[in-house]
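Since the structure comes first, as structure tokens, the remarks are kept for the end.
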Amino acid sequence: MRKSILTLAAATMLMAGVAHAETASYAIDPTHTFATFEISHFGASTNRGRFDKKEGSVQLDRAARTGKVEVTIDITSVNTGTAAFDKHLQSPDLFDAAKYPTIKFVSDKFSFNGDKVSEVTGNLTLLGKTLPVTLKASQFNCYTSPMLKREVCGGDFETTIDRTAFGMNYGVDWGFQKNVRLVIQVEAVKQ
């Protein structure tokens, strides 16, 4: 009897350890993930755009409250709805897509509020310069997709960066704002 109780106790502890270390891998769903930006245009209106091509992965352990993310954005996929503006954004004046074809965000620091991701702190690489940024979640949830029959996790994250810190100085002398609001809508599918 004593041997059975010890065996049961050992099995229970082993299962508890396995349940605690449940890091899951997710692939960014490009149809539900968008990186958008907003910048004031002389205080009269807001210029907005998004990047249509992006890829990445997420590692998430909700029990341990840890995670990792890596997202790469293709600069040539910038889309403002105006072809001439898109071309100018890709020029050396701004994103310099020929020299720096991607933007990259990498993080291994997730903060949680209960079981929900509340912010992700990592490094943003833009124009060849890497600086720390924190993306704050305005919502986060995991659900079982009725179409995919798999778990999907995602949320809306945002931050404001000073573009001149990355060397993007175009228009500042004319009164264009330095601060750019970034909004990342992301959903990732469990693999």
Side-chain angles (χ1 to χ4, degrees), residues 12-38 48-79 95 100-163 165-166 168 179-191:
T12 302
M13 285 193 283
L14 179 62
M15 291 305 287
V18 169
H20 185 269
E22 288 288 331
T23 300
S25 296
Y26 299 79
I28 299 293
D29 176 359
T31 63
H32 290 96
T33 300
F34 295 97
T36 63
F37 61 88
E38 300 176 355
R48 291 181 174 87
R50 75 177 194 191
F51 298 95
D52 292 332
K53 293 181 184 173
K54 57 273 166 192
E55 62 183 22
S57 61
V58 178
Q59 303 287 317
L60 183 63
D61 184 337
R62 288 183 292 178
R65 293 191 169 109
T66 60
K68 292 181 181 182
V69 65
E70 185 172 312
V71 177
T72 302
I73 298 167
D74 181 344
I75 296 292
T76 65
S77 72
V78 69
N79 182 351
F95 286 108
Y100 305 104
T102 61
I103 299 171
K104 191 166 199 169
F105 178 73
V106 178
S107 170
D108 64 359
K109 185 170 190 282
F110 283 36
S111 297
F112 284 75
N113 183 1
D115 65 346
K116 307 249 184 208
V117 176
S118 59
E119 65 182 35
V120 178
T121 301
N123 290 308
L124 181 68
T125 302
L126 171 65
L127 293 171
K129 187 163 188 180
T130 302
L131 294 171
V133 298
T134 298
L135 299 169
K136 295 193 180 287
S138 60
Q139 62 182 0
F140 179 86
N141 192 41
C142 293
Y143 66 95
T144 300
S145 168
M147 294 172 60
L148 301 174
K149 309 294 187 224
R150 289 193 276 170
E151 182 180 60
V152 175
C153 292
D156 291 342
F157 297 83
E158 66 179 80
T159 192
T160 299
I161 63 167
D162 175 351
R163 65 188 175 95
F166 293 92
M168 189 182 286
N179 291 335
V180 178
R181 181 176 178 237
L182 303 177
V183 179
I184 314 297
Q185 165 198 330
V186 63
E187 289 194 23
V189 181
K190 190 172 183 179
Q191 300 301 292

Other residues, nucleotides, ligands: >12 heavy atoms within 6.0 Å of E55 CD: no
D156 side, atom CG; L135 side, atom CG - distance, nearest 0.5 Å: 11.5 Å
Backbone N/O of A35 and side chain of K54: donor-acceptor pair under 3.5 Å: no
Closest heavy-atom pair and its distance - V78, F37: CG2-CE2, 3.9 Å
Within 6.0 Å of NZ in K116, more than 12 heavy atoms from elsewhere: yes
Side chain K53, main chain T76, donor-acceptor under 3.5 Å: no
Test item: Q191 side-chain N/O and V189 main-chain N/O as donor-acceptor pair under 3.5 Å: yes
Heavy atoms of other groups near D52 CG, more than 12 under 6.0 Å: yes
Test of ring centre spacing under 6.0 Å for F140 and F110: no
Minimal non-hydrogen separation, L60 against F112, with atom names: CD1-CZ, 3.8 Å
Student check: side-chain heavy atoms of R62 and D115 closer than 4.5 Å: no
Side-chain donor or acceptor of R163 paired with backbone N/O of M168 under 3.5 Å: yes
T36 (side chain) donor-acceptor with R50 (main chain) under 3.5 angstrom: no
Working for side-chain contact (heavy atoms from CB on, under 4.5 Å), residues F166 and T125: CA-CA 8 Å; F166 293 92; T125 302; over 6 Å; no
Inter-residue atom distance L126.CG - T102.OG1, 0.5 Å rounding: 9.5 Å
For the student: nearest non-hydrogen atoms of I28 and V58, plus distance: CD1-CG2, 3.9 Å
Backbone of D61 reached by a side-chain donor or acceptor of T23 within 3.5 Å: no
Short side-chain to backbone donor-acceptor contact, R65 and G114, under 3.5 Å: yes
Donor on one side chain, acceptor on other, E151 and T144, under 3.5 Å: no
Non-hydrogen atoms of S107 and G122 that approach each other most closely: CB-CA, 3.7 Å
Chi angles and distances behind the ring-ring contact (aromatic ring centres under 6.0 Å, His included) call for F157, F105: CA-CA 13 Å; F157 297 83; F105 178 73; 9.1 Å; no
Intermediate values then yes/no, side-chain contact (heavy atoms from CB on, under 4.5 Å), L124 and L182: CA-CA 11 Å; L124 181 68; L182 303 177; 4.2 Å; yes
With E187 via salt bridge (Lys or Arg N to Asp or Glu O under 4.0 Å) - residues at least two apart: none
Closest approach of N179 to D162 (non-hydrogen atoms, all atoms of both residues): OD1-CA, 3.8 Å
F51 CZ to I184 CD1 distance, which is reported to the nearest 0.5 Å: 9.0 Å
Closest non-hydrogen atom pair, R181 against E158: NH2-OE1, 3.0 Å
Under 3.5 Å donor-acceptor, S145 side chain and M147 backbone: yes
